[in-house]
Amino acid sequence: MSKTYLVTGGAGFIGSNFVLYMLENHDDVRIVNVDKLTYAGNLENLADVEDDPRYAFSQTDICDKPAVKALFEKYQPDYVVNFAAESHVDRSIKYPEVFAETNVMGTVTMLNCAKEAWEQADGTYGDHKYLQVSTDEVYGSLSIDEPDTFFREDTPLNPHSPYSASKASADMFVKAYGDTYGFPVNITRCSNNYGPYQFPEKLIPLMINNALHHEKLPVYGDGMNVRDWLYVADHCKAIDMVLTGGKTGEVYNVGGHNEKPNMFIVRSIIAECSKAVDDPAITEALIEHVTDRKGHDRRYGIAPDKIKADLGWYPETAFEDGIVLTIDWYLAHEEWMSHVTSGAYMDYYKRMYEGR
Ligand code: NAD
Ligand code: DAU
């Protein structure tokens, strides 16, 4: 029987990839995309499916309880996948309140509306599931001198940035709903994603865009901070698998087993962009070391053992393939890039960056 997914933040980077992934891989789904359309949300990402009868969109703030409640009444979703969030660490350092509002209060509002909609007379919740899309950043930071240590699902939460503090708080509310009300939840905690439709405030699309335009490539600090990069389609597949196969109440870490220092990523982008457009002016001379991010986490690393053992998920896209796919996508979508890098939102971003 067809299942209805209420997907929040479906116009953002991972959310839009997830909506497209679900509609492409399942005939029997209905997707309701609930997005406020902040600077990070862009309906152009979903132009290919806007007329698909299995897809609906509502411009709604997840903090707006009456509006969210009305969506539950109208669409009677089986599942909620909560992607909606303020997602950029640098913005959170400057503007923490908005992160608390959307990431914490928005999550509590979604949990509350789902609980009210799904609760049955006997206090159970039927065949429903609420999945919180969280992040490995809630675990804090690992040492680069201990490369064999990884974040595990039972690693204590130790967030450092206002962004990760807001995501950890949200995770605690999700856990509390499971523990207190027996509410059917899962939490996924994923490492750094890259791929199509990522807003060019994040490392990979920012570096691709700047390299192609011969602009400086701003590397924070010594550039030796390590992130574990995962191609976005692999993350979407993991969420799909956890929703339907994950044991209720469990946390699943999702990672690429692909840890790289930022300098490696930037150098790879320079080499691949230069090759893709046959431009010898794209060189490492564009790299500029700038002031480090405040409280900059040194290393993230996930060994995705649990999700592999329980659900058979593993990262399918090798970084050397994924980065070429990503650069090719940005080259083929110059209009998308110029649209999202122009206008008030990008001015706001630039002001923020220049003010660092
Ligand atoms: P994004 O910033 O690209 O997209 C966020 C989306 O949420 C946008 O469409 C935005 O309009 C929407 N949104 C923001 N506030 C809203 C509100 N109040 N109500 C409704 N919609 C709102 O983010 P992303 O990179 O796609 O991340 C999606 C989720 O995945 C986030 O929860 C993030 O914490 C998590 N995550 C991201 C990564 C990553 O590498 N990008 C990794 C792990 C987890
Ligand atoms: O780990 C998952 C997280 O990954 C997600 O939860 C976040 O939503 C997502 O934004 C991402 O956080 P990061 O802070 O790791 O990603 P970002 O792309 O901002 O930065 C990656 C690394 O690159 C980090 O060490 C900071 C560095 N960096 C970033 C930018 C934007 C630079 O050196 N220069 C830059 O201009």
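A quick note: this is a predicted structure, and the numbers were derived from the prediction, not measured. All values below come from the heavy atoms of this structure, side chains included, with hydrogens, waters and symmetry mates left out. We count ligands from 1, going down the list as the structure has it; atoms in each ligand are counted the same way.
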What atoms of ligand 2 come closer than 4.0 angstrom to any heavy atom of [X]?
X	result
Tyr300	1 (O), 15 (O)
Asn262	22 (C), 23 (O), 24 (C), 25 (O), 27 (C)
Asp136	1 (O), 2 (C)
Pro218	32 (C), 33 (O), 34 (N), 35 (C), 36 (O)
Asn225	25 (O)

Sub-4.0 Å atoms of ligand 1 with respect to non-hydrogen atoms of [X]:
X	value
Leu37	11 (O)
Tyr163	33 (C), 34 (O)
Asp61	17 (C), 18 (N), 19 (N)
Lys36	16 (C), 17 (C), 18 (N), 19 (N), 20 (C), 21 (N), 22 (C)
Asn192	40 (O)
Lys167	31 (C), 32 (O), 33 (C), 34 (O)
Ser134	43 (C), 44 (C)

Requested in this report: Mind telling me whether Trp329 and Trp336 have parallel, tilted or perpendicular rings, with 30° and 60° as the class edges?
Outcome: perpendicular

Query raised in the report: Would you call the rings of Phe83 and His235 parallel, tilted or perpendicular if under 30° counts as parallel and over 60° as perpendicular?
Result: perpendicular

Check if [X] has a non-hydrogen atom at a distance under 4.0 Å from any atom of ligand 1.
X	answer
Asp35	yes
Gly106	no
Gly10	no
Phe83	yes
Ser16	no
Asn42	no

Salt bridge or not between [X] and [Y]? Use side-chain N to carboxylate O under 4.0 Å.
X	Y	value
Arg152	Asp305	yes
Arg299	Glu259	yes
Lys3	Asp127	yes
Glu116	Lys65	yes
Asp52	Arg30	no
Glu153	Arg189	no
Glu284	Arg267	yes
Lys175	Asp179	yes

Query raised in the report: Between Gly255, Gly12, Ser87, which one has a non-hydrogen atom sitting closest to atom 8 (O) of ligand 2?
Result: Ser87

Query raised in the report: What residues, two or more places apart in sequence or in another chain, satisfy ring pair (Phe, Tyr, Trp, His ring centres under 6.0 Å) together with Tyr231?
Result: Tyr194

**Report entry** For Tyr300, ring pair (Phe, Tyr, Trp, His ring centres under 6.0 Å) partners two or more places apart
**Finding:** none

Query raised in the report: Lys167 near ligand 2, heavy-atom distance under 4.0 Å?
Result: no

Query raised in the report: Which one holds for Leu203 and ligand 2: side chain close, backbone close, both close, or neither close, with close meaning a heavy atom under 4.0 Å?
Result: both

